[in-house]
Amino acid sequence: MPPPVEPTPARVAARVAGTGQTIFAEMSALAVRTGAVNLGQGFPDTDGPPELLDAAATALHSGANQYAPGIGVPALRQAIARHQERRYGLVLDPDTQVAVTTGCTEAIAGALLGLVDPGDEVVVLEPYYDSYTAMIDYAGGVRRPVTLRAPDFRLDPDELAAAVTDRTRLILLNTPHNPTGRVLDATELAAVARVAGEHDLVVVTDEVYEHLTFDGRRHVPLATLPGMAERTLTLSSAGKSWSVTGWKVGWATGPADLVAAVVGAKQWLTYTSGAPLQPAVAAALDAGDAFPTALAGDLEAQRDQLVAGLRAAGLTTYVPEGTYFATTDVSALGWASGGDFCRALPERAGVVAIPSEVFYDDPDAPGSGRHLVRWAFCKRPEVIAEAVRRLAGADLRA
């Protein structure tokens with residue numbers, strides 16, 4: 001049988017050709033090829049709680065293997081509603097204000113495809129999760145980035161207000177923030193709420209790291225602020241907080257019309273999501289916060305372990321307030337580009353990280369991220385220790 005023919009550029013739609021391979025695929029392949037410790041892609045190397053896995057196995061053997069309702073199985077939608085009320089005081093109708101998605105990535109896709117028309121502008125924090133830009137492009141929208149700058153990565157209210165025009169359709173917010181690890185505080189959230197209210201904007205919030213905050217910080221959903229519940233679509237998932245990133249079970253909650261927009265797009269994407277995994281996630285949500293709380297404690301210790309090791313290796317390192325990731329600045333080592341540093345790192349030190357420059361529209365703009373690199377600490381302490389050992393023994397200078 002002849003080998004498969006790779007599609008020529010002329011056969012590929014511009015919207016796909018323009019996105020190319022994700023940086024995560026590139027760097028993970030580099031880790032495999034070189035045998036490097038992979039601190040690039042953000043997935044844990046341990047499984048979630050046994051009870052969650054057992055619940056999925058029970059569902060698999062109990063007939064939950066056919067299509068689930070497109071909006072999600074009732075048990076999970078009800079558990080999501082209970083979670084939002086228990087943690088945040090948000091009261092939702094599980095039949096109209098909650099939808100299950102194939103991970104938060106599909107929730108983002110559904111929200112942008114369902115709410116953004118060609119030419120609409122979307123205000124987005126940068127650096128940004130790369131699926132944001134791809135899906136804004138797919139929807140025909142126009143990005144209006146607002147940059148979070150080192151060393152504190154704070155949101156500037158004036159820059160946020162200046163990014164809004166009469167063509168702005170929505171604000172796409174991410175907190176706790178990937179890749180910087182910032183947890184937006186009350187002042188920053190109030191600025192978002194003020195701008196949204198003044199311009200009658202929808203806000204889509206990606207809150208997948210909602211449980212994974214450190215040093216006593218607590219995530220506050222934008223929807224809990226006065227006047228914001230009726231204009232905020234909240235997205236999250238089980239993957240990060242219960243260490244089952246491969247399950248891809250996420251959700252969207254908020255006003256019924258905004259949730260319906262997500263479902264309207266989702267029905268032409270996956271239509272439905274993993275049926276036997278949904279009741280298992282429902283059981284995990286109803287079991288309370290013990291597992292994600294313990295996980296956050298473990299991650300805080302792993303963060304401290306990695307930050308100390310990176311600093312000992314000569315890297316300027318910023319301490320994240322949440323998520324899976326720490327950020328370093330490699331310019332003091334003479335590197336003009338985090339991408340060049342990351343592509344050389346596996347051969348130099350046997351470690352893989354992700355260049356943050358790919359998460360900016362213009363990484364060379366003042367305060368942007370050409371010199372920044374993202375490192376994942378959602379790994380076992382012995383894996384982080386090995387990575388730190390390799391970095392300590394390597395020449396990391398350009």
Side-chain angles (χ1 to χ4, degrees), residues 1-9 12 16-47 103 105 127-131 133-134 178-179 239-240 243-248 302 305-307 309-310 312-315 317 323-331 333-360 363 369-398:
M1 178 179 294
V5 177
E6 291 295 323
T8 63
V12 179
V16 174
T19 57
Q21 183 185 46
T22 73
I23 191 66
F24 306 108
E26 177 189 350
M27 300 311 294
S28 291
L30 187 58
V32 171
R33 187 166 70 250
T34 61
V37 176
N38 190 352
L39 301 186
Q41 194 162 6
F43 58 85
D45 55 5
T46 56
D47 279 337
T105 300
Y128 37 64
Y129 179 50
D130 60 352
S131 83
T133 57
N178 172 16
K240 301 299 193 299
S243 295
V244 285
T245 59
W247 282 23
K248 301 298 291 179
Q302 290 157 217
Q305 179 188 10
L306 179 60
V307 166
L310 293 171
L315 292 157
T317 306
T323 76
Y324 279 177
F325 309 110
T327 295
T328 60
D329 186 330
V330 298
S331 59
L333 296 175
W335 293 92
S337 161
D340 292 343
F341 172 85
C342 288
R343 292 179 178 93
L345 190 63
E347 298 292 345
R348 295 269 191 111
V351 179
V352 159
I354 296 291
S356 297
E357 63 188 56
V358 301
F359 306 136
Y360 292 81
R370 179 67 75 187
H371 304 105
L372 300 183
V373 171
R374 192 194 81 171
W375 310 75
F377 52 82
C378 52
K379 311 295 180 182
R380 287 170 290 126
E382 57 267 32
V383 174
I384 296 173
E386 175 60 19
V388 167
R389 184 192 67 78
R390 294 183 182 193
L391 291 168
D395 181 1
L396 302 181
R397 292 170 299 175

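Predicted model only: the values in this text are computed from it and were never measured.
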Using a 3.5 Å distance criterion without hydrogens, assess whether the side chain of Glu357 forms a donor-acceptor pair with backbone atoms of Gly339.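 The answer is yes, because a donor-acceptor pair under 3.5 Å joins these two groups.
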Flag, side chain of Arg348 to backbone of Arg397, donor-acceptor distance under 3.5 Å: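 The answer is yes, because a donor-acceptor pair under 3.5 Å joins these two groups.
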Heavy atoms only: give me the nearest [X]-[Y] pair and the separation to one decimal.
{"X": "Ala387", "Y": "Leu39", "answer": "CB-CD1, 3.6 Å"}
{"X": "Ala313", "Y": "Leu396", "answer": "O-CD1, 3.9 Å"}
{"X": "Asp45", "Y": "Arg380", "answer": "OD1-N, 3.0 Å"}
{"X": "Phe359", "Y": "Pro179", "answer": "CD1-CG, 3.7 Å"}
{"X": "Pro44", "Y": "Tyr324", "answer": "CD-OH, 3.7 Å"}
{"X": "Cys342", "Y": "Leu30", "answer": "O-CD2, 4.3 Å"}

Begin from the C-alpha positions of Val352 and Ser28 and carry the test side chain to side chain contact (heavy atoms under 4.5 Å, CB included) through to its verdict. CA-CA 8 Å; Val352 159; Ser28 291; over 6 Å; no
Indicate every side-chain donor-acceptor pair of residues 371-378 with a distance under 3.5 Å to a residue at least two apart or in another chain.
unit_1, atom_1, unit_2, atom_2, d
Arg374, NH1, Asn178, OD1, 3.0
Arg374, NH2, Gly40, O, 3.0
Trp375, NE1, Thr328, OG1, 2.8

If I take atom CD from residue Gln305 and atom CD from residue Glu382, how far apart are they, to the nearest 0.5 angstrom?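 Between atom CD of Gln305 and atom CD of Glu382 there are 9.0 Å.
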Heavy-atom distance under 4.5 Å between the side chains of [X] and [Y], does that happen here?
{"X": "Val330", "Y": "Leu315", "value": "yes"}
{"X": "Lys379", "Y": "Leu306", "value": "no"}
{"X": "Leu391", "Y": "Leu345", "value": "yes"}

Would Lys240 count as a cation-pi partner of Phe43, with NZ or CZ less than 6.0 Å from the six-membered ring centre and within 45° of the ring normal?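 Ring-cation test returns no.
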Take the angle between the ring planes of Trp335 and Phe341 and call it parallel below 30°, perpendicular above 60°, tilted in between.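 Ring orientation, 0 to 90° scale: perpendicular.
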Please test Phe24 against Asp130 for side chain to side chain contact (heavy atoms under 4.5 Å, CB included), starting from the C-alpha separation and ending with a verdict. CA-CA 10 Å; Phe24 306 108; Asp130 60 352; 3.4 Å; yes
